[in-house]
K.L.:
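Below are the C-alpha cells for one structure; questions will follow.
Quick note on labels: first sequence line is chain A, next is B, and so on, each numbered from 1.
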Amino acid sequence: MEYNSTTIEKKWQEHWAKNASFEPTEDFSKEKKYILSMFPFPSGRLHMGHVRNYSISDAFARYYRQQDFNVLHPIGFDSFGMPAENAAIKNNANPKTWTYDNIDYMKKEFASLGFSFSKERELATSDELYTKFEQGFIIDMFEKGLLYREKGLLNWCPNDQTVLANEQVVDGCCWRCDTPIVKKDMNQYYFKITKYADELLDDLKKLEGGWPKQVLTMQENWIGKSNGLAFDLFFDSASKEKLANNFESFDVFTTRSDTIYGVSYTALAPEHSIVTYMIENNLLSAEVISQIKDMKSTSSIDRQKEKSGISLGLDVLHPMTGKKVPVWIANFVLMDYGSGAVMAVPAHDERDFDFAKKYDLAINAVIKPFEGELSSDCAYTEVGELFNSGEFDGLNSKKSQYNIIKYFEEKKIGKKTTNYKLKDWGVSRQRYWGAPIPFVHCDDCGLVMEKKENLPIAIPEDIEITGEGNPLDNHPTWKHCPCPTCGKDAVRETDTMDTFVESSWYFLRFCASKQNWEKEAFSKEQIKYWMGVDQYIGGIEHAILHLLYARFFTKVFRDLGYIDFDEPFDNLLTQGMVLKDGAKMSKSKGNTVDPDAIIEKYGADTARLFILFAAPPTQELEWNDNAVEGAYKFIKRFFDRSSNIVKTQSIPLIDHSILSKDEKYARKKVYEALVRANDVYNEKYTFNTLIAGTMEAINALNVQSNSDVWSEGFWILSSIMEPVIPHVCWDISSEYFSLKNLTPQVVVQEVFVEDSITLGVSINGKRRTEIEVSPETQKEDIIQSAKEAASKWLEGKEILKEILVPKKLVNIVIKG
RNA sequence: GCGGAUGUGGUGAAAUUGGUAUACACGCCAGACUUAGGAUCUGGUGCCGCAAGGCGUGGAGGUUCAAGUCCUCUCAUCCGCACCA
C-alpha cells in the first residue's frame, strides 16, 4: 500500500475523537504527568511557532501515556484582549463572534495536527464561567489588601487607548503595537506584587535545574533588588523659608554609602513633589518651569541621550559635615525608583560626574586606589581606600559601607534599606473585551466590591465599538447598578482586567474535572494531585510577563489557602523561534509558512517530524522546504518498509546467537534507538537525535531480510516514534501489532554484546589506524596487535607508555 | 555598561559528557531505471595533496597519554536589561 497521509491521518484523528483517547482518569492513585504548553491567543490561524510548541508538548504527553502515567495535556484559549477589539473596529465585527469563530477554526487545526489534548477541559478565558471564578479571586485579593486602587503616573498607549503595565512597555513603546507610550496621571488598580518581591526572588533558587538559566536571570534582574542606605537630607533655614516651611527634608537612597563624604550636590526627579510644589507656588521662573515641563514630556529613551538639569536655588545640609549642598533637578533621576531623589558623588559615579562637568559642580574624591594615582578625568568607581572621610579614613571602601550604615543607624539619621525595580502590577485596562473589575462606585459607600453571588459581572454584547473611549463606559445601561452595600444607585467600574490576569491561573483551572466544572474553579484535592506542572513549554518572550505573574498568583493563592505549594512550573522548556530566510516568521515580513498548506501537501506527521528533527527544541529552527520534503520521504519509506513485518501480538523472541552480522547490527541499531529514546524523553529533550537514531535503525534493518528482526524493529521503532509521528505509527501498530506495542519497551542487553570490537590505534593521541579484536582479548594481546598494526609509525621509536581505553582505543606514547 | 547564551563541513546539526570529530538529514556529484523527471534506487562527498601524508571544532595559550568537551586570555554573533542612585 502506498503511503497516503490524508487517509491515514483522518482515520486516526476520528478514532481518537470517538474514543476520547486522551482524557486523563480520575484515578488519583496512578502516577501523573502534567504536560502543558502555553495556550494560544485565538488570532485566527495557527502559525509554525504554535505547531512547534504543541508538537513538543504532544511528544511528551504521548510518551508518558505510553509509559502508563495518568497524563493531563490540556488546551485552552487566552481569548480576551485587544486584537479582538481591534479586529472589531477594523471589520465592524463583534469581538465575541470574531473570537469564538477563530477558536472553532483553530480547534480544527489542532485536530488536524493530531495533538493529543484533553477535550473535556478545553476552555476560553472569555467564557463567562471563567470570568466568574476570576472575579471571585479578585474580590478575595482585594479583601486581603493585595489589590488596591490609586492615582498614579501610568504608561498610556495612545494607539490602544489604554494603560500598560511596566512589564508591557518595551523600549519605551507598547509591547503590542510599538507606539511610544506617554505618562498619564490617572486612577488605576494595582496588584501588590511588590509584597512578594523577596519571595519571587528567593524562590528562583527552587527553580534552578528545572528552568533555563536565562529566564531565572531575567526575572532576577527584573525584580532588581539592591541593598543600601536611605536617609533624609535636611534643608538649611533659608531654603526652608523659601518653601514656606512646607518641607523639612527629602529622602534619598544610595547603594554607595561609602561615598557619603563625596556628596557635592543632590538631584530630584522633575516629577518630585518638592518640584511640583515650587511650580505651583510660583517659586520658579517661567523659563525654568517650561524647562521642567519639557523634561517631563521627554520620553525615557530621549532622556538618556543627554543629561540636563536645573538648579533649584535650594541647599541641604550634608549629614556628616553639615556643609551646604546644592539641590538640582536632573533628568536622569527617575521618579519611580527609590524616592525620586539622589545624593550625587561625581568623583565616584559616572552619571554624577558627567552632570557635574556639564554644570561645573564640585567633585570631591573620597576613595583612592590601593595602588597608583587617582585620575581626575573620570569617576573612580572601583573599590579603594577611603580618605577625606572623617573617622572612616583608611578603610576599605567596600567594607566601610557596613560601618557607615551602622553610624547612620546609631545616630538615627538613616537606615539600611532594600529597593526593588519591580513595581506593583497595574491591571486595569480601559477596554471592552476583558473581564470587568468587579467593583462599584457608590457616592455614599465609596469603592465597594460586588457580592460574590452576583458574579460573573459579564460584559454586555450589545455594544458599539468605535475605537473611541471605553465601550463599557459608553453603554447606555450596563454601568448602572445598585450599590452592593447600601442599595442606592451606583456605577460599575468600567475598567477591565489585563489579560495577563487570566493566564496567571489557567493552569490551575485545567486541574478541575468536568464534574465540578460549574461549581468551583478547582478543588484542593485535584490541585494537590495534578500540580505542579511537570513540563511547561512556551516561548522565551514570556520570561518576565506571564511567568512572573503566574508565580505571583501561585503565591497569593497559597496565602489565600486555595493551594499549598509555592511554585507552579517544575520544569520549563523555552522553545526557540521558527525562522525563515534567517528572520522570524511574521506576516509583516511575508516569510510565513501556513501549517494548513503543509498538512495538506505532506500531512501532519511530516510537519511534526520536520519540526522536531531540524533542531533541538530550545534552539532556533530554520524552515527548509527541502528538509520538509526529506521528512516526508522518510515517513513514506518508514511506512513502506512496514510491509516486512509479520503480524504478531507480542515482540518476537529472537535467538541472537544464530543471526548474521547484518541482522545483529540491525538489532543493535534498533535497541540503540530505544536507549536514546528513553534518554531523550526523560532528560535531554533532543528529539532530533532520537529521530536520527530511528533513521539509522531503519537504514540498518534495510540491509537484512530476517522478518523477525524486521518485526521486532518495527515493534520498537513505531513505539518510540509514536510521540513524534503518531498517525503513521498507530496505523502500522494497529495493522501488525493490534496496538500492543505502544507500551514501555524493554532494552535487551544481548544485542550490545559484539563478536568483535574495532579499536582505534593512536600514536601520541593522533589516530593512525585501527584493529579488530574479540571482546575477550586480554589487554597485553590488544596492545601487542595495536603495535603490530602501527609498526610503521613505531619503527626505531622508544615507547614511553601504552594506554588502553576499553572498547574505544589504544594510545601508544612514543618519544619524539 | 551589566547579565545570559552561542561559535563544529556548502546547510540544519551529532559526538555515550575527557577517549576513533562531522552520526542523521538537506544540498551537491556520479551512476542505474526511465520518453522524461523536480519520482525511485545505488554509490560518493571536511579541507590541501597525484600519493604518502598533512591540516581541521572562531582565535591564542595551558592542563592531559588524549581536548569540540576542562582552565586562562581574546574575538565575533545573538538575546535580555539598561541613567535603577
Side-chain angles (χ1 to χ4, degrees), chain A residues 170-171 212-222 224-226 228-230 252-257 259 266-267 269 300-301 303-307 330-334 336-345 349-352 354-355 381 419-422 540-541 543-544 576-577 579 609-610 613-616 618-631 633-634 636-637 640 672 675-676 679 686 688-699 758-770 792 800-814:
Chain A
V170 179
D171 292 334
K213 233 185 181 159
Q214 193 191 172
V215 176
L216 296 176
T217 314
M218 282 166 76
Q219 293 219 351
E220 189 184 325
N221 292 342
W222 188 264
K225 182 176 182 171
S226 55
L229 170 70
V252 293
F253 171 75
T254 180
T255 54
R256 294 295 308 275
S257 50
T259 63
T266 68
S300 58
I301 311 165
R303 276 200 203 185
Q304 282 185 41
K305 285 182 187 148
E306 206 191 336
K307 292 186 179 34
N331 67 344
F332 65 85
V333 180
L334 309 173
D336 54 8
Y337 184 75
S339 58
V342 297
M343 64 174 222
V345 186
D349 180 283
E350 282 170 30
R351 290 162 307 166
D352 298 348
D354 293 346
F355 193 84
T381 57
N419 249 309
Y420 300 90
K421 283 195 242 177
L422 182 70
I540 187 89
E541 66 271 19
I544 294 170
M577 288 189 299
L579 311 179
L609 181 69
F610 166 73
F613 181 54
T618 52
Q619 273 180 45
E620 286 177 345
L621 170 75
E622 174 75 34
W623 189 266
N624 180 332
D625 289 326
N626 283 322
V628 174
E629 187 84 35
K633 278 186 209 165
F634 171 75
K636 268 210 306 207
R637 204 151 88 102
D640 177 55
E672 272 178 8
V675 169
R676 205 182 275 191
D679 227 34
T686 48
N688 52 329
T689 64
L690 149 66
I691 295 163
T694 301
M695 289 172 169
E696 284 178 57
I698 290 286
N699 290 345
T758 305
L759 296 173
V761 178
S762 310
I763 311 294
N764 287 352
K766 187 152 287 184
R767 186 179 186 278
R768 291 300 180 185
T769 182
E770 59 183 34
K792 185 173 154 189
L800 299 174
K801 211 168 176 182
E802 294 146 348
I803 291 149
L804 170 68
V805 184
K807 292 178 187 166
K808 302 277 184 197
L809 56 83
V810 177
N811 188 20
I812 298 166
V813 185
I814 57 173

K.L.:
Which listed nucleotide (A5(B), C84(B), A85(B)) is nearest to the side chain of K213(A)?
P.N.:
A5(B)
K.L.:
Does Q619(A) or Y337(A) map to a spot on RNA chain B nearer the 5' end, using the closest nucleotide for each?
P.N.:
Q619(A)
K.L.:
Rounded to the nearest angstrom, tell me the gap between atom CG in D349(A) and atom P in A85(B).
P.N.:
9 Å
K.L.:
Ignoring backbone atoms, test whether T686(A) places a side-chain nitrogen or oxygen under 4.0 Å from the OP1 or OP2 oxygen of A14(B).
P.N.:
no
K.L.:
For the pair made of CE in M577(A) and P in A5(B), what is the distance, rounded to whole Å?
P.N.:
18 Å
K.L.:
With the side chain of W222(A) defined as its heavy atoms from C-beta on, choose the nearest nucleotide among A82(B), U40(B), G53(B).
P.N.:
A82(B)
K.L.:
Apply side chain to side chain contact (heavy atoms under 4.5 Å, CB included) to L809(A) and list each qualifying residue two or more places apart in sequence or on a separate chain.
P.N.:
V805(A), N811(A)
K.L.:
Would you mind building the protein contact string for nucleotides 16-21 of chain B? One character per nucleotide, 5' to 3', B for base within reach (heavy atoms under 4.0 Å), S for sugar-phosphate only, - for untouched.
P.N.:
B--BBS
K.L.:
Between A32(B) and C26(B), how far is it from one P atom to the other, in whole Å?
P.N.:
22 Å
K.L.:
Sugar-phosphate atoms are those with a prime plus P, OP1 and OP2; base atoms are the rest. Using that split, label each nucleotide of nucleotides 24-31 of chain B B, S or - for protein heavy atoms under 4.0 Å, 5' to 3'.
P.N.:
BSSS----
K.L.:
How far does the C1' atom of A36(B) sit from the matching atom of G49(B), given to the nearest Å?
P.N.:
41 Å
K.L.:
M218(A) has an atom CE; how far is it from atom P of G3(B), in whole Å?
P.N.:
16 Å
K.L.:
Can you tell me whether the base of U17(B) sits syn or anti, using the 90° cut around 0 to define syn?
P.N.:
syn
K.L.:
Using the P atom on both, measure C73(B) against G4(B) and round to a whole Å.
P.N.:
14 Å
K.L.:
Taking the P atom in each of C28(B) and U11(B), what is the distance between them to the nearest angstrom?
P.N.:
15 Å
K.L.:
Please state the P separation for the pair C75(B) and A82(B) - nearest whole angstrom.
P.N.:
26 Å
K.L.:
In whole angstrom, what separates E620(A)'s CD from U6(B)'s C1'?
P.N.:
10 Å
K.L.:
Checking one value: the base orientation of G9(B), syn if chi is within 90 degrees of 0, otherwise anti.
P.N.:
syn
K.L.:
Checking contacts here: which listed nucleotide (G80(B), G53(B), A14(B)) is nearest the side-chain heavy atoms of N221(A)?
P.N.:
G80(B)
K.L.:
Among all residues two or more places apart in sequence or in another chain, which pass the side chain to side chain contact (heavy atoms under 4.5 Å, CB included) test with V761(A)?
P.N.:
T769(A), I771(A), A786(A), A790(A)
K.L.:
Can you tell me how far C1' of G12(B) sits from CD of E622(A), to the nearest Å?
P.N.:
9 Å
K.L.:
Whole angstrom is fine here: how far is it from CD in E541(A) over to P in C78(B)?
P.N.:
19 Å
K.L.:
Mind checking the P distance from C2(B) to U74(B)? Whole angstroms is fine.
P.N.:
12 Å
K.L.:
Does K307(A) make a cation-pi contact with F355(A) (under 6.0 Å, within 45 degrees of the axis)?
P.N.:
no
K.L.:
In whole angstrom, what separates L216(A)'s CG from G80(B)'s P?
P.N.:
17 Å
K.L.:
By salt bridge (charged side-chain N to carboxylate O under 4.0 Å, His left out), which residues pair with R256(A), not counting sequence neighbours?
P.N.:
D258(A)
K.L.:
Grab the NZ-P distance between K421(A) and A82(B) for me, whole Å please.
P.N.:
7 Å
K.L.:
Nearest nucleotide by nearest heavy atom, which residue falls closer to the 5' end of RNA chain B, T217(A) or V342(A)?
P.N.:
T217(A)
K.L.:
Where does RNA chain B form stems of at least three consecutive Watson-Crick or G-U wobble pairs, each pair having both distances below 3.5 Å?
P.N.:
B:1-7 with B:75-81, B:10-12 with B:24-26, B:27-32 with B:40-45, B:46-48 with B:53-55, B:58-62 with B:70-74
